Visitor: 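This is the structure I want to talk about, given as structure tokens.
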Amino acid sequence: MPDSGELLRDMVGIPSVNPRGGSGAGEAAVAAYVRDWFVGRGIKAEVREVSPGRPNVVATVPGRDPRFVLLESHLDTVETDGMTVDPFAGTVRDGRLYGRGACDAKGPLAAFMLAAAELAAGPPPPFGVVVAGVMDEEHAYQGVLGLISDLADTEVVGAIVGEPTGLVPATAHKGCVRYTVRTLGRAGHSSRPDEAVNAVTLMSRVIDHIAGTPPDAAPHPLLGPATRCVTRIRGGDGPNTVPGRCEIDVDRRTLPGEDPLDVWRRDRAELTAVLPGQVEVDDPFTVDYALDTPATSPVPAALSAALEEAGLPASVQGMPFGTDASKLARAGIPSVVFGPGSIADAHSAAESVALADVDAAARLVADTIRSLGGGTA
């Protein structure tokens with residue numbers, strides 16, 4: 001199997017910070033690297049533009065069965081501000097490779113690439129393998145939606161989505177709906193506050209309500225309770241002006257079975273009732289669905305079996321964060337989330353991943369695909 005350290009160091013060394021709708025290099029350079037890596041090993045691969053200058057990369061290993069297993073991870077990373085290690089050096093220390101994206105999610109992508117290369121070098125696997133590195137997972141999910149469109153005529157029996165799960169198979173994760181809440185007061189001079197209506201003071205009542213009122217949803221066996229919290233606040237125009245407006249952003253994490261838009265409608269009715277006529281709730285700016293794949297689906301079951309064979313924890317788990325897997329599942333592709341690294345290291349100031357875990361993930365994914373058996377999925 002090729003060296004995981006060299007592969008991951010090369011990918012971490014190519015900046016692919018998500019521009020989040022603004023200007024920036026994006027994912028094009030790392031997508032080209034992944035394509036060339038596959039082509040150099042005799043594996044068909046191509047770059048497919050999703051939005052101007054921002055492509056996915058897709059590689060294909062044929063199998064004995066015309067159907068495919070999808071290995072999907074993302075090319076983009078979050079920003080590098082505040083990092084305490086060189087974000088693009090790929091420094092290796094004590095068996096860990098450091099840099100932005102090492103854990104989330106170039107490490108998982110490297111594991112998928114290594115697994116696909118191993119399968120391509122041997123007898124044809126039971127099913128074909130599609131490896132996809134997608135853009136824009138950290139912002140608006142354009143990459144996975146473009147991939148779903150590209151795979152419309154391809155029969156995919158299941159997917160493994162690469163994220164840092166600590167080599168644990170995750171068949172469930174939360175969704176989310178995010179929206180802005182606004183309080184409307186009346187601005188005035190701070191020397192005469194009784195003649196104004198302080199929107200920040202009004203907002204404190206809304207925040208207290210959110211903090212003291214948990215979502216009305218039954219806990220999920222793998223995910224626990226739904227959550228709701230305030231993530232940003234904006235208010236005030238100057239040190240001597242009573243603010244007439246204040247805004248907060250709310251992050252509501254949804255559970256399987258909850259529709260995010262229905263959740264938002266209920267929240268809107270609830271929060272506007274706290275201060276009638278003085279609270280506005282905007283339409284959501286982020287909507288994502290939860291994942292809840294049956295553990296008995298062929299790909300999750302085969303992955304659990306491979307973990308058990310390797311003497312590793314094999315029980316499926318739930319994850320609180322969202323992934324591309326929920327979009328694939330809604331498109332009819334049963335999906336499990338799996339990869340090396342810990343979510344605690346993702347987006348962190350010293351992001352890193354253990355190279356031994358990248359190697360282990362590659363072996364486990366290759367074993368999973370081999371074990372599926374022709375025509376049984």
Side-chain angles (χ1 to χ4, degrees), residues 1-2 4 34 37-39 41-46 56-73 108-134 144 147-148 150-163 165 167-171 291 293-316 324-325 328-329 331-340 358-377:
M1 186 175 286
S4 62
V34 173
W37 188 92
F38 276 118
V39 170
R41 287 157 179 78
I43 299 169
K44 179 184 176 183
E46 59 182 327
N56 292 341
V57 57
V58 178
T60 305
V61 177
R64 300 194 300 272
D65 190 293
R67 295 173 290 174
F68 287 87
V69 175
L70 172 64
L71 307 177
E72 190 261 27
S73 193
L109 178 57
F112 291 171
M113 293 166 67
L114 294 168
E118 180 179 323
L119 292 167
F127 291 92
V129 179
V130 172
V131 181
V134 304
V144 69
L147 176 67
I148 289 168
D150 285 346
L151 294 176
D153 296 326
T154 303
E155 188 172 357
V156 180
V157 300
I160 303 176
V161 173
E163 292 286 354
T165 69
L167 300 180
V168 169
T171 55
L291 173 73
T293 301
T296 55
S297 294
V299 173
L303 177 57
S304 290
L307 285 159
E308 185 172 14
E309 179 69 20
L312 296 170
S315 297
V316 298
D324 282 343
L328 294 168
I333 301 172
S335 299
V336 58
V337 186
F338 176 78
V358 176
D359 292 335
R363 290 192 298 270
L364 289 160
V365 168
D367 289 346
T368 295
I369 293 169
R370 289 191 190 100
S371 72
L372 283 168
T376 60

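On a predicted model such as this, the values are computed, not experimentally measured, just so you know. In this chain, residues are counted from 1 in sequence order.
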Visitor: Is there a donor-acceptor pair under 3.5 Å between the side chain of T165 and the backbone N or O of G339?
Guide: yes
Visitor: Could you measure the distance from the CD1 atom of I43 to the CH2 atom of W37? Nearest 0.5 Å is fine.
Guide: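 The CH2 atom of W37 is 6.0 Å from CD1 of I43, to the nearest 0.5 Å.
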Visitor: A side-chain contact here means heavy atoms from C-beta on lying under 4.5 Å apart; do L364 and L312 qualify?
Guide: yes
Visitor: Can you find a pair of side-chain heavy atoms, one from R64 and one from P126, that are under 4.5 Å apart?
Guide: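 The answer is yes, as the side chains (C-beta and beyond) meet within the 4.5 Å cut-off.
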Visitor: Of the non-hydrogen atoms in I369 and P125, which two are nearest, and what is the gap between them?
Guide: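 Smallest heavy-atom distance, with atoms named: CG2-CB, 4.1 Å.
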Visitor: If only atom types and distance count, is the side chain of R67 paired as donor or acceptor with the main-chain N or O of E155 below 3.5 Å?
Guide: no
Visitor: Provide the closest heavy-atom pair for A115 versus V365 in the form atom of the first, atom of the second, distance.
Guide: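 Scanning both residues, the minimum pair turns out to be CB-CG1, 3.9 Å.
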Visitor: Looking only at heavy atoms, which two atoms of G158 and V299 are closest? And how far apart?
Guide: CA-CG2, 3.7 Å
Visitor: Any non-hydrogen side-chain atom of L70 less than 4.5 Å from a side-chain atom of L147?
Guide: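 Yes, at least one pair of side-chain atoms sits under 4.5 Å.
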Visitor: Does T293 use its side chain to pair, donor to acceptor, with the backbone of P334 at less than 3.5 Å?
Guide: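 No, because the side chain of T293 does not come within donor-acceptor range (under 3.5 Å) of the backbone of P334.
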Visitor: Name all residues meeting the salt bridge (Lys or Arg N to Asp or Glu O under 4.0 Å) criterion together with E46; count only those two or more places apart in sequence or in a different chain, and write none if there are none.
Guide: R48
Visitor: Just wondering, do R370 and E118 contact through their side chains at under 4.5 Å, heavy atoms?
Guide: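 With C-beta onward as the side chain, the pair touches.
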Visitor: What are the two closest heavy atoms between A366 and L119, and how far apart are they?
Guide: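 Taking A366 first and L119 second, the nearest heavy atoms are O-CD2, 4.0 Å.
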Visitor: Apply side chain to side chain donor-acceptor pair (under 3.5 Å) to E309 and list each qualifying residue two or more places apart in sequence or on a separate chain.
Guide: none
Visitor: State which residues pass side-chain contact (heavy atoms from CB on, under 4.5 Å) with A361; sequence neighbours excluded, sorted by chain then number.
Guide: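 Residues passing side-chain contact (heavy atoms from CB on, under 4.5 Å) with A361: A111, L167, F338, P340.
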Visitor: Among V156, V131, V61, V157, which residue satisfies the side-chain contact (heavy atoms from CB on, under 4.5 Å) criterion with V69?
Guide: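 Single side-chain contact (heavy atoms from CB on, under 4.5 Å) partner of V69 among V156, V131, V61, V157: V157.
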Visitor: Are the side chains of F112 and V129 in contact, using a 4.5 Å heavy-atom criterion?
Guide: no
Visitor: Closest approach of S304 and P169, non-hydrogen atoms and distance?
Guide: OG-CG, 3.9 Å
Visitor: Can you tell me how far the CG atom of D324 sits from the CG atom of L291, to the nearest 0.5 Å?
Guide: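 Interatomic distance, D324 CG to L291 CG, rounded to 0.5 Å: 11.0 Å.
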Visitor: Between CD of E308 and CG of L303, what distance do you get to the nearest 0.5 Å?
Guide: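 These two atoms lie 12.0 Å from each other.
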Visitor: Looking at CG of L372 and CG of D367, how far apart are the two atoms once the value is rounded to the nearest 0.5 Å?
Guide: 11.0 Å
Visitor: Given 3.5 Å as the limit, does a donor-acceptor pair link the side chain of S335 with the main chain of I333, or not?
Guide: yes
